[in-house]
Protein chains: 2
Amino acid sequence: MSRLSTCISMMDEGIGRMGQIMPGMPGEEARLCRLLAMVGSHVLEELERKLKPHKLNHSEFLTLMILYSRPDGSSTPGELCEFTSQGATNMTRIANALTQRGLITRGASREDRRRVQIRITPAGRRFVQKMLPPMFPRLSAMYEGFTAADKRELGRLLRKLADNLDRLEPLPP
Amino acid sequence: MSRLSTCISMMDEGIGRMGQIMPGMPGEEARLCRLLAMVGSHVLEELERKLKPHKLNHSEFLTLMILYSRPDGSSTPGELCEFTSQGATNMTRIANALTQRGLITRGASREDRRRVQIRITPAGRRFVQKMLPPMFPRLSAMYEGFTAADKRELGRLLRKLADNLDRLEPLPP
DNA sequence: AACGCATATTTCACCAGTGAACGAAGTATG
DNA sequence: CATACTTCGTTCACTGGTGAAATATGCGTT
């Protein structure tokens, strides 16, 4: 695949030319959106690459991590959908896959018989504990040359943008 | 779907708890990656939402934009693959779709008969000129409250991260 | 000029994610 | 207490994207 910086300079030139043709275009904002999209998906691809050897995809990994991070190691499909930003359909498949591998269990909830209780198994915990640490070095390397202030600033700006996006959301028409 | 800031605080808590259990985890870096991924894909979703009424998906839109921004309005599948970060397989389908709608044409290249020359049509240009401007307001709104320095800084940090990602890339094993 | 090798695009089979519809369980209303 | 409405999870059919092989052209060597 092509280097990220190549795509970025292509994008820069393209938007530069567009700016001259299309008056009124918010060029800087468009640039930032493209950057966000490119870097964001590249980060995800990088993650998926590290997950492939474990035969996990991104959504399964995220689901497993949420369960792992829970003090009681359990949740429900609906909640997992919400926090992984996945549709219920997909969560069903994810839960199927993880159950099949013995990393989680699915059982009926006592309080509300509509709900399903999903719980990480001891094997699931061991799996996470084993696969996670090898990822740390590359994760750190990604931010090589970033000062503490840089990281803080990046976090601040991304959260600010996220707030704007939430506020913006309603656009069904 | 669930608000972005909800997912973010979930993620913050989750990584917070993880940091206590998993010693040596680069928590801040992990947080930034998750943020990048979430905000990036949210931006893409926002774009796709705006494209849906025009019956375009993200890749088709990007392809069309590249062609539009070219002085001569033309390119080749290979080049488009490179700059859209799409596989050749997909580019074939994209070109099929855009050709069918009369927005581009496909013809043999004169210099290298292996190559295919893709060119935006006048109808394609009109289409872009019509669909683009209505997107500007929301695009600007996304960065409401961002100072010029904020935008500059966000751009700088994303580009820096992109460079690191390129440098990092080789990890096939 | 004929052979093998490299490159560009397409075709095919498959995978992950999505929207619509369904059945089961709960909740509210007359 | 019966009927309608809601919520939760699953199933199914479809879309967008990917990897491996097929096809076609060009390039370099002998």
Side-chain angles (χ1 to χ4, degrees), chain A residues 1-2 37-38 41-42 44-49 51-52 54-64 74-101 104-119 172, chain B residues 1-2 37-38 41-42 44-45 47-49 51-64 74-101 104-119 172:
Chain A
M1 196 208 309
S2 171
M38 290 194 241
S41 41
H42 211 89
L44 280 179
E45 281 162 29
E46 167 74 16
L47 174 61
E48 299 247 22
R49 214 169 298 133
L51 293 178
K52 185 155 288 178
H54 305 285
K55 307 248 196 273
L56 277 185
N57 67 22
H58 172 230
S59 322
E60 293 163 348
F61 173 70
L62 202 46
T63 303
L64 201 52
S74 92
S75 184
T76 66
E79 198 182 21
L80 291 169
C81 284
E82 188 174 356
F83 297 133
T84 58
S85 311
Q86 290 290 321
T89 308
N90 227 8
M91 193 48 67
T92 297
R93 183 151 27 108
I94 292 166
N96 286 342
L98 294 179
T99 304
Q100 198 133 32
R101 295 179 59 177
I104 64 169
T105 56
R106 244 190 309 199
S109 165
R110 234 169 284 280
E111 316 102 32
D112 184 341
R113 261 177 300 176
R114 281 173 306 181
R115 280 171 192 269
V116 170
Q117 197 70 11
I118 291 184
R119 188 174 298 278
Chain B
M1 197 208 308
S2 171
M38 290 194 239
S41 41
H42 210 89
L44 280 179
E45 282 162 30
L47 174 61
E48 298 247 21
R49 213 169 299 133
L51 293 178
K52 185 155 286 179
H54 304 285
K55 306 246 195 276
L56 278 186
N57 66 23
H58 172 229
S59 323
E60 292 162 349
F61 172 71
L62 203 46
T63 303
L64 201 53
S74 91
S75 183
T76 66
E79 199 181 21
L80 291 169
C81 285
E82 189 174 354
F83 297 133
T84 58
S85 311
Q86 290 289 323
T89 307
N90 228 7
M91 193 47 69
T92 297
R93 182 153 28 112
I94 292 166
N96 287 342
L98 294 179
T99 304
Q100 198 133 33
R101 295 179 59 175
I104 65 170
T105 57
R106 245 190 310 199
S109 166
R110 236 169 282 280
E111 315 101 31
D112 184 343
R113 261 177 301 177
R114 282 173 306 183
R115 280 169 192 267
V116 171
Q117 197 70 11
I118 291 184
R119 189 174 300 278

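Lettering follows sequence order; numbering is per chain, from 1.
Distance B:Arg49 CZ to C:dG19 C1': 15 Å, rounded to the nearest Å. Atom-to-atom, CD1 of B:Ile94 to P of D:dG16 comes out at 10 Å; the value is rounded to the nearest Å. The distance from atom CG of A:Leu62 to atom P of C:dA16 is 16 Å, rounded to the nearest whole Å. In this entry the distance linking CG of B:Leu44 with P of C:dG17 reads 15 Å, nearest Å. The interatomic distance linking B:Ile118 (CD1) with C:dA8 (C1') rounds to 12 Å, in whole Å. For A:Asn96 and C:dG17, the CG to P distance is 14 Å, given to the nearest whole Å. Summarising the geometry, the separation between CG on A:Asn57 and P on C:dA16 is reported as 6 Å, rounded to the nearest angstrom. Distance, B:Leu80 CG to C:dT9 C1': 13 Å, rounded to whole Å.
Between the side chain of A:Thr92 and the backbone N or O of A:Ala88, at least one donor-acceptor pair lies under 3.5 Å.
Taking 3.5 Å as the limit, the base of C:dG17 and the side chain of A:Arg93 contain a donor-acceptor pair of atoms between them. A donor-acceptor contact under 3.5 Å links the side chain of B:Thr89 to the base of C:dT11.
Side-chain contact between A:Leu56 and A:Leu98: present, with at least one pair of heavy atoms (C-beta onward) separated by less than 4.5 Å. The shortest side-chain heavy-atom distance between A:Leu51 and A:Asn57 does not fall under the 4.5 Å cut-off. Side-chain contact check for B:Leu80 versus B:Ile118: some heavy-atom pair is nearer than 4.5 Å. Two residues are said to be in side-chain contact when any heavy atoms from C-beta on lie closer than 4.5 Å; B:Phe61 and B:Leu47 meet this criterion.
Checking the phosphate oxygens (OP1, OP2) of D:dT18, a side-chain nitrogen or oxygen of B:Gln86 falls inside 4.0 Å. For A:Ser59 and C:dG17, the shortest distance from a side-chain N or O to OP1 or OP2 is below 4.0 Å. OP1 and OP2 of C:dA24 both lie 4.0 Å or more from every side-chain N or O belonging to A:Arg115.
Of the candidates D:dT18, C:dT11, D:dG9, the closest approach to any side-chain atom of B:Thr92 belongs to C:dT11.
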